[in-house]
Number of protein chains: 6
Amino acid sequence: MKLSSFLNLMEEIAPASLAEEFDLGKIGLIVEGADEIDVVAAALDPTPKVVQSAAALGADMLVVHHTPLFTPVTRISGQTARILRVLLTNEMNLFVMHTNFDRAEQGINDALADLIELSNRSYMSLGIVGDSQLPLNEVIRRLGCGVRVHGTITSNNRLAVVGGSGFSLDLMEEAVACGAEAFISSELKHSIERHIPLPCIEATHYALESPGMKALSERMGWTYIDDPPESHLLV
Amino acid sequence: MKLSSFLNLMEEIAPASLAEEFDLGKIGLIVEGADEIDVVAAALDPTPKVVQSAAALGADMLVVHHTPLFTPVTRISGQTARILRVLLTNEMNLFVMHTNFDRAEQGINDALADLIELSNRSYMSLGIVGDSQLPLNEVIRRLGCGVRVHGTITSNNRLAVVGGSGFSLDLMEEAVACGAEAFISSELKHSIERHIPLPCIEATHYALESPGMKALSERMGWTYIDDPPESHLLV
Amino acid sequence: MKLSSFLNLMEEIAPASLAEEFDLGKIGLIVEGADEIDVVAAALDPTPKVVQSAAALGADMLVVHHTPLFTPVTRISGQTARILRVLLTNEMNLFVMHTNFDRAEQGINDALADLIELSNRSYMSLGIVGDSQLPLNEVIRRLGCGVRVHGTITSNNRLAVVGGSGFSLDLMEEAVACGAEAFISSELKHSIERHIPLPCIEATHYALESPGMKALSERMGWTYIDDPPESHLLV
Amino acid sequence: MKLSSFLNLMEEIAPASLAEEFDLGKIGLIVEGADEIDVVAAALDPTPKVVQSAAALGADMLVVHHTPLFTPVTRISGQTARILRVLLTNEMNLFVMHTNFDRAEQGINDALADLIELSNRSYMSLGIVGDSQLPLNEVIRRLGCGVRVHGTITSNNRLAVVGGSGFSLDLMEEAVACGAEAFISSELKHSIERHIPLPCIEATHYALESPGMKALSERMGWTYIDDPPESHLLV
Amino acid sequence: MKLSSFLNLMEEIAPASLAEEFDLGKIGLIVEGADEIDVVAAALDPTPKVVQSAAALGADMLVVHHTPLFTPVTRISGQTARILRVLLTNEMNLFVMHTNFDRAEQGINDALADLIELSNRSYMSLGIVGDSQLPLNEVIRRLGCGVRVHGTITSNNRLAVVGGSGFSLDLMEEAVACGAEAFISSELKHSIERHIPLPCIEATHYALESPGMKALSERMGWTYIDDPPESHLLV
Amino acid sequence: MKLSSFLNLMEEIAPASLAEEFDLGKIGLIVEGADEIDVVAAALDPTPKVVQSAAALGADMLVVHHTPLFTPVTRISGQTARILRVLLTNEMNLFVMHTNFDRAEQGINDALADLIELSNRSYMSLGIVGDSQLPLNEVIRRLGCGVRVHGTITSNNRLAVVGGSGFSLDLMEEAVACGAEAFISSELKHSIERHIPLPCIEATHYALESPGMKALSERMGWTYIDDPPESHLLV
């Protein structure tokens, strides 16, 4: 497939117009490689390990959720140099979809809601609220990362999920208005925690966002390269 | 004691000049109450529960680490109104020491290093690196909150501790240069986690900062009011 | 009456959308008190004397023209602490209408035009021009504060009035275009005075804006609390 | 005298380094005219009447307190065009000293203190506090403009004077600390008036600043051109 | 003709709404002179020589392309004083049309395209692409200033022309899309030159923009005052 | 040689502290490659042709004057991708010295003054003024690019030279004060040209700056890669 055709396809999957303003210039084709796309790999982050695996697969295109160039750069060194070296040497393209894929149909949040089987979904400005039939420990088992629960969960018949760093008070109020009894996201800050209006389940960023990239890869016949940060809970 | 004498005393404990620039105008006497200070209480955050307990103790002064007015306000409502109502009705003063107390001698970070018995201390731009004799599980038991470990800890003979949100890459590099083998702080973001140069132990903000306020209270004969956010780990 | 019903009522009296952009976040419910509104007081400014009088009346709501929190605050002390202490201790709400009430029907400027009996009114972007039948000394007597006249008034058959600090050159040009022969407002600056296109009558801010708050109080059955700054002319 | 020599002389009278930062680029030689300075005129403001009188005197140089180009311009029209036409056609230089002359020895504030015979002077960050032997009505008679008194004057043995718009709360606190019992300046705003810590005497800007320009003109042998804005009090 | 009628006429010739945002406040009537317009002169720049020639012609109005007050001023000295002195002394108006005249019908770019006989014109966001029948040396002879050619011109059947500093990469890409084989403008910077997508012909600013002012002058019966900067090529 | 030793060497040649503030973050090691430096190449710009030639030479280090990443980037495409691909694939370091090398001893401007044999040198804030013995046509012949002369040169006994875009009015005034009779630099803008205080000789950016890089290469035993933009004059 021609690169231009692939870009059109990606625009259908995650239209750029869905992205937050802070993503302007930081999504789409971030590193330009070969013009002919035969082998596509996907991952959450373009880590050194991921780009090397993609190169080993002979990928012409790597689709990720997080750009390696979020902060604009005037020098290329350290890990950025290592990643770009692999990409450029192999003429591998790097394509980023971020908040546009969070919001897209069958995107990050839909995949997360699928994972824990939410039905009767309400779509918030970011994230989803839905009815849950699973017991809480099964929800947590499926997330697969271990969680910190803030507050006391008395019922989990209706849950809010937001991939990434979604613990904003505005979103939580929106979730309450949609009937949510608990709120699943990652990276809860202490200053926010002091004002949460409902119990919060803090998972890892990777656990919440990788299902969307995996599901997309399966759907499209791409190779998903799993590279979770190593972490575990200790009491 | 006169309010002015108390303010002088606090300036010795945590000189305002030690604070970060973003704390300008947000530390010191934040709510002005009675001019005569007889009963002093302390806490990490001025939550509704904390101010009510302080009022029940007849406190004229409440010393905290986090201001309730970090973002400048033009209206007083919700939880801010509830807190200010108790303070103003009881003519209770509210005094804040934040990054100046993090850096002060016998401040937040020293208390944390005491808690886990660090010796041979090196002082970083923020936080401390020191030798540890305790086994890792005892370190974690003393923190008391359960932790998430990022990366693999192969040795914990020398540890970095930073109260609050201390997981910045600059601080971690500084810790490595001081010989740290693991880094203890709170609120590690995914984008940082992808670049950590040493294993990280993510505790809660409250667990890391409350020891400093408790220790100060004991030293000064004040009443420390404990009010940890409710949280627990689930695997 | 419920607080929410009272807020709806106020929105009808002085729609927030009429306010200048600089009033954003500085009008409406500025201090949140009791949820049930039985006794309402009004004043131009929430001075210490005003809030104490309102408390003595058992007011649940105080409606004023000028917010005490125009400049965003990160500390509560001095006069602000004295005012908020009375409001919060008594669970008295504080509601502010500023430039939205200047522009509202039967608002600040209409009341001022009523006071000096202007007919055949033209509405400017702010303020009113109208025909006057009263002799000049009677106009000034009704303002009640003594004035400084800038320039020479040769006729006062048609007058412009602008409550508050209304001496902008743009407004004066608009007034001239509406046929005004003199312009009444307060706080004329020397740099503006050097360019005035018509004679100006400089009254006090209080004299021009309190009639609107008084008239509203009468209309609504509220208690107006008068507290003019003490001033007099000396030659 | 050569223009360059005249500029050196002015730098001695009112060093540019004494000026407030907001005067940067707005003091000194503002309109460049003839290089030989024989006849010098002075005034408070370069009004059309003032520049025409200066031209009639054959002035090569006009020294004023207020620049006609405070707001940077990209077009020349209306009153600015009228003033510049007279200056440029006559090759008359225009020299401005503003806050640097307020602070200069024998400057605006010293001349004002001389006018009302203040002794035992304390110099504030701007303005002067001194002992007064004159009765209050004589002080006011000498100002010559009629005043508005805010608050009640119980004693006027020690007075603060600040030429121009000097009613800032910081200056008033400084005056109180210097023993002032009343504060003389111009253009008191309502929002400040509500917090004044001592009685205030509001005169006109012109009455407070013209004595300094007159005194300098006498000292230097220049012609002072008087052009007060027309105003009078009416009760 | 009344000044107001002349201004209406100019608005038809070069509507202000066509101007770039950076021209806001810097086009239109820039120096206000006499109200009656009998004699009109035009030039590219209001140089000292141009304004003196216009004055010698008895012009009431001078129409130019470049304002002498592009950077807002707070002082009038040097060449600006010399120019304004002639304009104001003679009550000569100065009218500026800049990017609005670049884009206007029969404006700067149309006149330039006429000069080198471009047909089949495509209008870009700024500038024109058209078919050329003239040999390259004749094109350059008509520009009249000598040029520097960047890159190699292999065909000049279709040319882009942009009056003024038009060598932006965006415009060049637009020109390529319109079929241009070479791009004529002025002031090519080295950092741009390194990325040019088609051969560039660098002429002088004056040579490209004066034809538009001359053509307008002829059409309107005004006197065009030619004042090219003196320059020549040396090898 | 180790990379770190090479960086120390470069700091001696062109100390970073000499650079303009706008070069902050844009000089020094811009692309990080191999840690061992054996073969060094140099050029003015890292064009595609230059980096390929350097790669063919087996260079580990390329030293240039102009960074390819002046504007901070969040995507790598087009020419930037082509350049970085060659650099990163070959593990070639890219080192930039810009305004620090302009000012360095034996830097850009000294080399330029050497080329046209200037003696008795005065150093300006940027650039050099010196006595010239060569006839003007020989000066121009040595520059090698053909020039545009602005104004009339009546004597060239003393010349100012400024590598790069040096035609600022401040520099020209400085040159006049140093006795310069003509001023050599590149990229003279029309708006500046209208105010030049001495005759100007406009050469190309490349012709003025490449001699400095060549001379340094010879001195250091590096390979200089010449890649001038293709240009010629046409009358």
Side-chain angles (χ1 to χ4, degrees), chain D residues 3-4 6-7 10 16 19-35 37 46 48 51-52 55 60-100, chain E residues 3-4 6-7 10 16 19-35 37 46 48 51-52 55 60-100:
Chain D
L3 175 58
S4 57
F6 187 85
L7 297 181
M10 295 308 292
E20 295 278 345
E21 203 178 324
F22 60 70
D23 271 335
L24 194 71
K26 298 173 184 177
I27 55 172
L29 187 65
I30 289 302
V31 180
E32 190 184 0
D35 196 49
I37 310 295
V51 295
Q52 278 151 7
D60 312 302
M61 171 59 77
L62 175 63
V63 178
V64 297
H65 193 52
H66 296 130
T67 178
L69 298 174
F70 192 82
T71 304
V73 298
T74 55
R75 63 176 78 236
I76 309 285
S77 62
Q79 186 159 316
T80 305
R82 283 199 295 283
I83 292 168
L84 289 177
R85 178 170 296 123
V86 177
L87 291 170
L88 290 168
T89 301
N90 293 281
E91 299 204 39
M92 198 191 308
N93 291 280
L94 182 73
F95 189 92
V96 173
M97 355 175 256
H98 191 216
T99 49
N100 49 332
Chain E
L3 175 57
S4 55
F6 188 86
L7 298 180
M10 295 308 292
E20 294 278 342
E21 202 178 327
F22 60 69
D23 270 334
L24 193 71
K26 299 171 183 178
I27 55 171
L29 187 65
I30 289 302
V31 179
E32 188 183 2
D35 197 49
I37 309 297
V51 294
Q52 278 151 9
D60 311 302
M61 171 60 77
L62 176 62
V63 177
V64 297
H65 192 51
H66 295 130
T67 178
L69 299 174
F70 191 83
T71 304
V73 299
T74 57
R75 65 175 78 237
I76 308 286
S77 61
Q79 185 159 318
T80 305
R82 281 200 296 284
I83 292 167
L84 289 178
R85 177 169 296 121
V86 176
L87 292 171
L88 290 168
T89 300
N90 293 282
E91 300 204 41
M92 197 191 307
N93 292 279
L94 182 72
F95 189 93
V96 173
M97 352 176 260
H98 192 215
T99 48
N100 49 333

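Convention: sequence-line order gives letters A, B, ...; per-chain numbering from 1.
Residues passing the side-chain hydrogen bond (donor to acceptor under 3.5 Å, both in side chains) test with Glu91(D): none are found, sequence neighbours excluded. Scored by the side chain to side chain contact (heavy atoms under 4.5 Å, CB included) test, Thr89(D) finds Arg85(D), Thr89(E) as partners (sequence neighbours excluded).
For the pair Leu87(D)/Ile76(E), no side-chain contact is recorded, criterion being any heavy-atom separation below 4.5 Å from C-beta on. Proximity of Leu88(E) to Val86(D): side-chain heavy atoms (C-beta onward) are nowhere separated by under 4.5 Å.
Highest contact tally toward chain D, considering only Val31(E), Thr67(E), Leu94(E), Val73(E), is held by Val73(E) [criterion: heavy-atom pairs under 4.5 Å]. Looking only at heavy-atom pairs under 4.5 Å with chain D, the residue among Leu69(E), Leu29(E), Asn90(E) that has the most is Leu69(E). Here Gly25(D) is the residue among Gly78(D), Ala81(D), Gly25(D) with the most heavy-atom pairs under 4.5 Å with chain E. Counting heavy-atom pairs closer than 4.5 Å to chain D, the top-ranked of the candidates Ser77(E), Gly33(E), Pro68(E), Pro72(E) is Pro72(E).
Annotation: the span from Ile30(D) atom CD1 to Arg75(E) atom CZ amounts to 4.0 Å, rounded to 0.5 Å.
Neither the backbone nor the side chain of Leu24(E) has a heavy atom closer than 4.5 Å to any heavy atom of chain D.
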